[in-house]
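Presented below is the structure to which this report refers.
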Amino acid sequence: MTLVGVHAGLSVDHLVTEPVGARFSCPGGPALFAALGARLVAGTHVRVSCPLPEDDHRFARIFDGFGIDRIHCHQVPTVPRLWILNSARGRRIVTQDTTAGTELETPDQRPEPQDRPPAPTAGFEDGLDGLVASSPTERPAANPDTRVGLDPHQVLVADQGLEYLRRVVSATTVLLPSRVQLALLDVDPRRAARSLAAGLGLPVVARLDAEGSYVVADDGIWSVRDRAVTVVETTGAGDACAAAVVAALSAGADPVEAAMFGTSVARFALAGWGHEALAAATPLARPLPDITTRKEN
């Protein structure tokens, strides 16, 4: 049994995807998607540290239904409510609150879509084989032998670049940037991933949405593709993929095999709205058979 911890936030999402349609008041947030993604690597037990809203008991029921340990969660009155808007022109996450007093977003507004959860309570790190750290502002607390999968903080990547990343990584970190985060560093996301691996001396598993993953590791550079993927809605796929990568690495997989697990779990997430397809999937003992890899050097 592999024990993976998830430290992240929750949200209630209004999902709008042009031209497919919309779903409202969906349970969401990195902690939910990552917990469900990690449990899809067979043999993984998940422990989560996140805020649990007193006004919405669906999150606790989901965690309990899948045997996800939530003893290190803390009660809050509510969690952020977000509009997640997808179209051919791009993706936008906007808080439902209109605190600026105007209906139109102004150039100086850059809302932070996820409230950062407080530091985990004592004992959260005990016994963890892997840790999923979502948007950390400082180096995650972890035992020296814990594999840390780091999903960078998008705003801090934009503002501070490599300086921010050097501050939050450690020797056991695998960097799990998204396409959007990589695009903040270079117009070519694959070149950005190679630069990060070289600059930080760490493996990088870049999450490239429906294009799969791009792995930069000690044994070379690899593309991991899923040509059978069907995209219904993208919310949560990146978080679920990242957590599956961490779960597989913690169980002894190499970065390429771990990326194959992550790409497999991303297929599940992309096949439905919000967390629904992830919740319906069964754990994988191995990556899906039609995930392909190609070494690039």
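Looking at Pro136 and Tyr164, their side chains come closer than 4.5 Å, going by heavy atoms from C-beta outward. Side-chain contact between Phe261 and Leu284: present, with at least one pair of heavy atoms (C-beta onward) separated by less than 4.5 Å. A heavy-atom distance below 4.5 Å is not found between the side chains of Asn86 and Leu15. Val246 places a side-chain heavy atom less than 4.5 Å from the side chain of Val132. Counting heavy atoms from C-beta outward, Leu278 and Phe66 have side chains that stay 4.5 Å or more apart. Side chains of Ile221 and Arg190 form no contact here, defined as non-hydrogen atoms less than 4.5 Å apart.
Taken from CZ in Arg167 to OG1 in Thr137, the straight-line distance is 7.5 Å, to the nearest 0.5 Å. If you take CG on Leu288 and CG on Asp226, they are separated by 7.0 Å, rounding to the nearest 0.5 Å. Going from atom CZ of Arg286 over to atom CD1 of Ile291 covers 14.0 Å, rounded to the nearest 0.5 Å. Rounded to the nearest 0.5 angstrom, Asp69 CG and Ser49 OG are separated by 10.5 Å. Remark: Thr293 OG1 to Met260 CE distance equals 5.5 Å, nearest 0.5 Å. For the atom pair CD1 of Ile71 and OG1 of Thr121, the computed distance is 8.0 Å after rounding to the nearest 0.5 Å.
What you find for Pro152 and Ser135 is that their closest heavy atoms are O-OG, 3.8 Å. Taking all atoms of both residues into account, the shortest heavy-atom contact from Ala31 to Val48 is CB-CG2, 4.1 Å. Considering every non-hydrogen atom in both Gly272 and Val232, the closest pair reads N-CB, 4.0 Å. Pairing each heavy atom of Ala197 with each of Val216, the nearest pair is CB-CG1, 3.5 Å. Minimum heavy-atom separation, Ala210 to Val231: CB-CG2, 3.8 Å. Nearest heavy atoms, Asp151 versus Gln181: OD1-NE2, 3.1 Å.
Arg70 contributes no side-chain N or O that, together with a main-chain N or O of Asp64, makes up a donor-acceptor pair within less than 3.5 Å. Of the possible polar contacts, one joining the Arg225 side chain to the Glu211 backbone as a donor-acceptor pair under 3.5 Å is found. The backbone N or O of Ala247 lies less than 3.5 Å from no partner atom in the side chain of Thr2, so there is not a single donor-acceptor pair. Looking only at distances, a side-chain donor or acceptor of Asp186 sits under 3.5 Å from a matching main-chain atom of Asp188. With hydrogens and angles ignored, the 3.5 Å screen pairs no side-chain donor or acceptor of Arg147 with any backbone N or O of Ser250. Distance alone, capped at 3.5 Å, places no donor-acceptor pair between the Glu233 side chain and the Thr17 backbone. Within the 3.5 Å criterion, the main-chain N or O of Leu3 finds a donor-acceptor partner in the side chain of Asp129. Side-chain atoms of Ser11 never come within 3.5 Å of backbone atoms of Asp13 as a donor-acceptor pair (strictly under, hydrogens ignored). Listed for the Asn143 side chain is no donor-acceptor partner under 3.5 Å among the backbone atoms of Thr146. With hydrogens and angles ignored, the 3.5 Å screen pairs no side-chain donor or acceptor of Tyr214 with any backbone N or O of Pro189.
More than 12 heavy atoms of other residues, nucleotides or ligands shown are found within 6.0 angstrom of CG on Asp126.
At a threshold of 4.5 Å between side-chain heavy atoms, the hydrophobic network of Ile, Leu, Val, Met, Phe, Trp and Tyr places Val180 and Val94 in two separate groups. Both Val168 and Leu185 belong to a single network of hydrophobic side chains, linked directly or stepwise wherever heavy atoms of I, L, V, M, F, W or Y lie under 4.5 Å apart. Leu165 and Leu131 fall into different hydrophobic clusters, where Ile, Leu, Val, Met, Phe, Trp and Tyr side chains are chained together by heavy-atom contacts under 4.5 Å. Linking ILVMFWY side-chain heavy atoms closer than 4.5 Å, directly or via other members, places Val204 and Leu156 in a single hydrophobic cluster. Val46 and Val148 fall into different hydrophobic clusters, defined by Ile, Leu, Val, Met, Phe, Trp and Tyr side-chain heavy atoms under 4.5 Å apart, directly or through other members.
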Start with the C-alpha gap between Phe59 and Val12, add the side-chain angles, then the distance that decides, and say whether side chain to side chain contact (heavy atoms under 4.5 Å, CB included) holds.
CA-CA 10 Å; Phe59 295 98; Val12 175; 4.1 Å; yes
Stepwise side chain to side chain contact (heavy atoms under 4.5 Å, CB included) test for Phe63 and Leu52:
CA-CA 11 Å; Phe63 290 146; Leu52 278 178; 4.0 Å; yes
Show your reasoning for whether side chain to side chain contact (heavy atoms under 4.5 Å, CB included) applies to Leu36 and Val265.
CA-CA 9 Å; Leu36 293 179; Val265 169; over 6 Å; no
Take Val256 and Val205 through the side chain to side chain contact (heavy atoms under 4.5 Å, CB included) test and state the conclusion after the steps.
CA-CA 8 Å; Val256 175; Val205 179; over 6 Å; no
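Using cut-offs of 30° and 60° on the angle between ring planes, the pair Phe124 and His72 is perpendicular.
Judged by distance alone, the side chains of Ser25 and Arg81 do bring a donor and an acceptor atom under 3.5 Å apart. Counting only N and O atoms by type, the side chains of Asp55 and Thr78 include a donor and acceptor under 3.5 Å apart.
With sequence neighbours left out, the salt bridge (Lys or Arg N to Asp or Glu O under 4.0 Å) criterion links Arg91 to no other residue. Taking the side-chain hydrogen bond (donor to acceptor under 3.5 Å, both in side chains) definition, one finds that Arg58 meets it with Asp56, sequence neighbours left out.
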